[in-house]
Amino acid sequence: MRDIISEIWSTARRNKLRTTLTGFAVAWGIFMIIVLLGAGNGLINATMKQHSDFLTNSMEAYGSMTSMAYNGLSEGRYIRLNERDLTTTDSEFKATIDEVGACYYTSAVVTNGENYMNLQINGVFPIHSKIVKQELLYGRFINEIDQQQKRKVLVLNDKQAKELEPKDYKMLIGKYVKVGNFAFKVVGIYKNPGDGESSAYSAYSTIKSIYGANTDDLGHIEFTFHGLTTEKANEDFEKTYRRRLNANHQAHPDDERSIWIWNGYTQSMQMEQAISIIHTFLWVVGLFTLLSGIVGVSNIMLITVKERTHEFGIRKAIGARPWNILKLIIIESVIITTFFGYIGMLLGVFANEYMDATLGHEVTDLGVVQLTLFVDPTVGLDVCFEATMVMIIAGTIAGLIPAYKASRIRPIEALRAD
């Protein structure tokens with residue numbers, strides 16, 4: 001075996017360009033499929049992370065603008081959801097809806113000693129923590145007693161807490177801060193999700209009574225549901241629910257723009273379909289890239305055998321058997337594809353790690369919201385090894401075909417070859 005390896009090394013040194021081109025084709029194919037799959041996984045993971053922050057079986061209803069004239073009223077009216085809509089949602093759809101809540105937005109200056117910042121404060125029901133999942137670091141979220149007693153309580157994220165208490169933001173728990181002209185007790189701190197300036201939270205009844213007492217604007221409605229397990233079932237429910245709310249506001253029953261509905265279930269289904277398409281596309285592109293490397297190896301091996309036909313004739317003339325020639329070419333093919341395949345795999349892994357260290361922690365500002373477009377843009381070691389093994393096996397097969405032909409050639413014919 002040592003003699004064969006020594007001979008292969010000598011052949012590679014004599015044909016540096018040919019060996020380099022063969023190795024480049026192998027390494028490039030594996031490198032590209034690993035990088036493509038890593039980038040695709042980063043995009044998919046970012047999308048899944050954004051959607052995982054919301055409960056799948058939940059919906060949110062927002063007032064919007066009518067697009068159809070109805071009952072003597074012109075189009076273009078803005079619909080504001082009110083307490084009647086909340087009661088309708090809670091009482092008339094019990095067969096499907098589990099828990100109902102609402103969210104009312106306001107903004108205020110929050111002050112702690114000399115530190116202050118302008119925050120958006122969302123008045124929410126306790127159900128909000130189930131629909132929009134937050135990771136509590138300290139304290140608690142809004143509860144039913146806060147809602148019933150209109151307690152002046154506040155839940156901040158860690159970024160906001162650090163602004164208000166730079167030395168040790170945990171000290172804010174149980175402490176009173178000023179929200180406008182009112183004293184609110186900080187009862188919880190949650191982890192900032194990193195998608196822009198997140199809101200602070202308080203009890204819906206508190207915020208509505210202070211900042212929305214003179215208006216019938218409810219804000220938006222949010223609720224959890226069960227039993228809607230197909231896309232059609234969700235569409236039928238949305239249509240029925242929208243028609244019912246339209247009736248509360250004298251909007252046309254078929255006006256689909258008067259009430260905007262965000263559905264976590266259909267969003268999740270669409271996301272899964274998109275991820276499946278992206279994943280399939282990446283594999284197709286990656287496999288074609290791998291195939292181009294296989295074709296390159298095959299062509300170079302054909303040229304290699306043709307160039308060494310005269311050499312093989314001499315070997316056979318002095319007693320070499322067909323198996324000796326076949327073994328020589330196969331081992332050469334395996335060694336070259338394994339060595340350069342391993343290099344391509346390492347470069348691909350390093351490239352993915354570089355993407356993870358840069359793009360994986362980069363937040364893109366879209367104006368309205370800030371998003372992390374790549375999360376963990378890497379592939380598993382199993383995929384790396386599988387891609388490398390595919391290239392090694394393909395390279396071996398690519399060398400086997402011309403090797404078999406070379407081993408079968410008659411010595412006199414081989415000696416006559418140019």
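Note that the structure is predicted; figures quoted are calculated from it, not measured. Note: hydrogens, waters and symmetry copies are ignored here, and every other heavy atom, side chains too, is used.
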Checklist line | Gap between atom OG of Ser107 and atom CD1 of Ile121 - 0.5 Å precision | finding: 8.0 Å

Item checked: Distance-only donor-acceptor check, side chains Tyr241 and Thr89, under 3.5 Å -> yes

Next item on the list: Count the heavy atoms of every other residue, nucleotide or ligand shown that sit under 6.0 Å from CZ of Arg257, and state whether that count exceeds 12.
Entry: no

Check: What are the two closest heavy atoms between Lys208 and Thr215, and how far apart are they?
Finding: NZ-O, 3.0 Å

Check: Taking C-beta and beyond as the side chain, do Ile259 and Leu81 meet within less than 4.5 Å on heavy atoms?
Finding: yes

Item checked: Within-4.5 Å side-chain heavy-atom neighbours: Phe182 and Thr206 -> no

Check: Does any N or O in the side chain of His128 come within less than 3.5 Å of the main-chain N or O of Ala102, such that one atom is a donor and the other an acceptor?
Finding: no

Notebook entry, point to check: Backbone N or O of Val153 within a donor-acceptor pair of the Ser202 side chain at under 3.5 Å?
Noted result: yes

Note to self: Please report the interatomic distance CD1(Ile189) to CZ(Arg140), rounded to the nearest 0.5 Å.
What the structure shows: 13.0 Å

Check: If you take all heavy atoms of Ile207 and Gly123, which pair is closest and at what distance?
Finding: CG1-CA, 3.7 Å

Notebook entry, point to check: Any idea which heavy atoms bring Val35 and Ala351 closest together, and the distance?
Noted result: CG2-CB, 3.8 Å

Item checked: Plane angle bin for Phe237 and Phe93 - parallel if under 30°, tilted between 30 and 60°, otherwise perpendicular -> perpendicular

Note to self: Looking at every heavy atom in both Asn115 and Pro166, which two are closest together, and how far apart are they?
What the structure shows: ND2-CD, 3.4 Å

Notebook entry, point to check: Can you name the nearest heavy-atom pair linking Val124 to Cys103, along with the distance?
Noted result: CG1-SG, 3.6 Å

Margin query: For a 4.5 angstrom cut-off between non-hydrogen side-chain atoms, does His249 reach Asn82?
Written below: yes

Next item on the list: Considering only NZ, NE, NH1 and NH2 on the basic side and carboxylate oxygens on the acidic side, decide whether Arg243 and Asp254 come within less than 4.0 Å.
Entry: yes

Check: Does Asn246 use its side chain to pair, donor to acceptor, with the backbone of Ser258 at less than 3.5 Å?
Finding: no

Notebook entry, point to check: When you look at Arg151 and Val187, which way does the side chain to side chain contact (heavy atoms under 4.5 Å, CB included) test go after all the steps?
Noted result: CA-CA 11 Å; Arg151 288 177 172 177; Val187 297; over 6 Å; no

Next item on the list: Starting at OG1 of Thr56, measure out to CZ of Phe225 and round the result to the nearest 0.5 Å.
Entry: 8.5 Å

Next item on the list: Please examine the side chains of Ile131 and Glu60, heavy atoms only from C-beta on, and report whether any two atoms are closer than 4.5 Å.
Entry: yes

Notebook entry, point to check: How about Asn248 and Asp85: does a side-chain donor come under 3.5 Å of a side-chain acceptor?
Noted result: yes

Notebook entry, point to check: Looking at residues at least two apart in the chain, or sitting in another chain, which of them share a salt bridge (charged side-chain N to carboxylate O under 4.0 Å, His left out) with Asp217?
Noted result: Arg80

Next item on the list: Evaluate the criterion ring pair (Phe, Tyr, Trp, His ring centres under 6.0 Å) for residue pair Phe141 and Tyr190; output intermediate values, then yes/no.
Entry: CA-CA 9 Å; Phe141 199 72; Tyr190 70 96; 7.4 Å; no

Note to self: Can you see whether Asn234 engages Asn263 through a side-chain donor-acceptor pair at a distance of less than 3.5 angstrom?
What the structure shows: yes

Next item on the list: With sequence neighbours excluded, tell me which residues meet salt bridge (charged side-chain N to carboxylate O under 4.0 Å, His left out) with Glu165.
Entry: Lys175

Notebook entry, point to check: If you round to the nearest 0.5 Å, how far is OH of Tyr62 from CG of Leu218?
Noted result: 12.0 Å

Item checked: For Lys150, all residues meeting salt bridge (charged side-chain N to carboxylate O under 4.0 Å, His left out), sequence neighbours excluded -> none

Note to self: Is it the case that atom CD in Glu163 sees more than 12 heavy atoms from other parts of the structure closer than 6.0 Å?
What the structure shows: no

Item checked: Whether over 12 other heavy atoms sit under 6.0 Å from Tyr342 OH -> no

Check: Is any side-chain heavy atom of Val155 closer than 4.5 Å to a side-chain heavy atom of Gln134?
Finding: no

Checklist line | Interatomic distance, Met345 atom CE to Ile30 atom CD1 [nearest 0.5 angstrom] | finding: 8.0 Å

Item checked: Flag side-chain contact, heavy atom, 4.5 Å: Lys178 against Val109 -> no

Next item on the list: Start with the C-alpha distance between Leu228 and Met59, add both sets of side-chain angles, then the distance that settles side chain to side chain contact (heavy atoms under 4.5 Å, CB included), and finish with yes or no.
Entry: CA-CA 12 Å; Leu228 305 178; Met59 292 190 197; 3.9 Å; yes

Margin query: As a quick check of understanding, evaluate side chain to side chain contact (heavy atoms under 4.5 Å, CB included) for Ile97 and Asp90, giving each step before the final call.
Written below: CA-CA 7 Å; Ile97 293 178; Asp90 193 25; 5.8 Å; no

Check: From Gln147 CD over to Ile142 CD1, what is the distance, rounded to the nearest 0.5 angstrom?
Finding: 9.0 Å

Check: Is Asn112 reaching over with its side chain to a backbone N or O of Leu164, donor-acceptor style, under 3.5 angstrom?
Finding: yes

Note to self: Contact between Leu156 and Leu119 at the side-chain level, heavy atoms closer than 4.5 Å - yes or no?
What the structure shows: yes

Note to self: Any non-hydrogen side-chain atom of Ile261 less than 4.5 Å from a side-chain atom of Arg242?
What the structure shows: yes

Note to self: Looking only at the side chains, is there a donor atom on one of Ser199 and Gln120 sitting less than 3.5 Å from an acceptor on the other?
What the structure shows: yes

Next item on the list: Taking Thr224 for its side chain and Glu99 for its backbone only, find out whether a donor-acceptor pair lies under 3.5 Å.
Entry: yes

Next item on the list: Given side chain to side chain contact (heavy atoms under 4.5 Å, CB included), test Tyr105 with His220 step by step and report yes or no.
Entry: CA-CA 9 Å; Tyr105 306 90; His220 77 257; 2.5 Å; yes

Next item on the list: Name the orientation class of the two ring planes belonging to His252 and Tyr70 (parallel below 30°, tilted from 30 to 60°, perpendicular beyond 60°).
Entry: perpendicular

Next item on the list: Give the minimum heavy-atom separation between Gly180 and Ala108, together with the two atoms involved.
Entry: N-CB, 4.4 Å

Checklist line | Qualifying residue for ring-ring contact (aromatic ring centres under 6.0 Å, His included) with Phe125, from Tyr204, Tyr201, Phe223, Tyr104 | finding: Tyr204

Item checked: Donor-acceptor pair, side chain of Tyr138 and main chain of Asp158, under 3.5 angstrom -> no

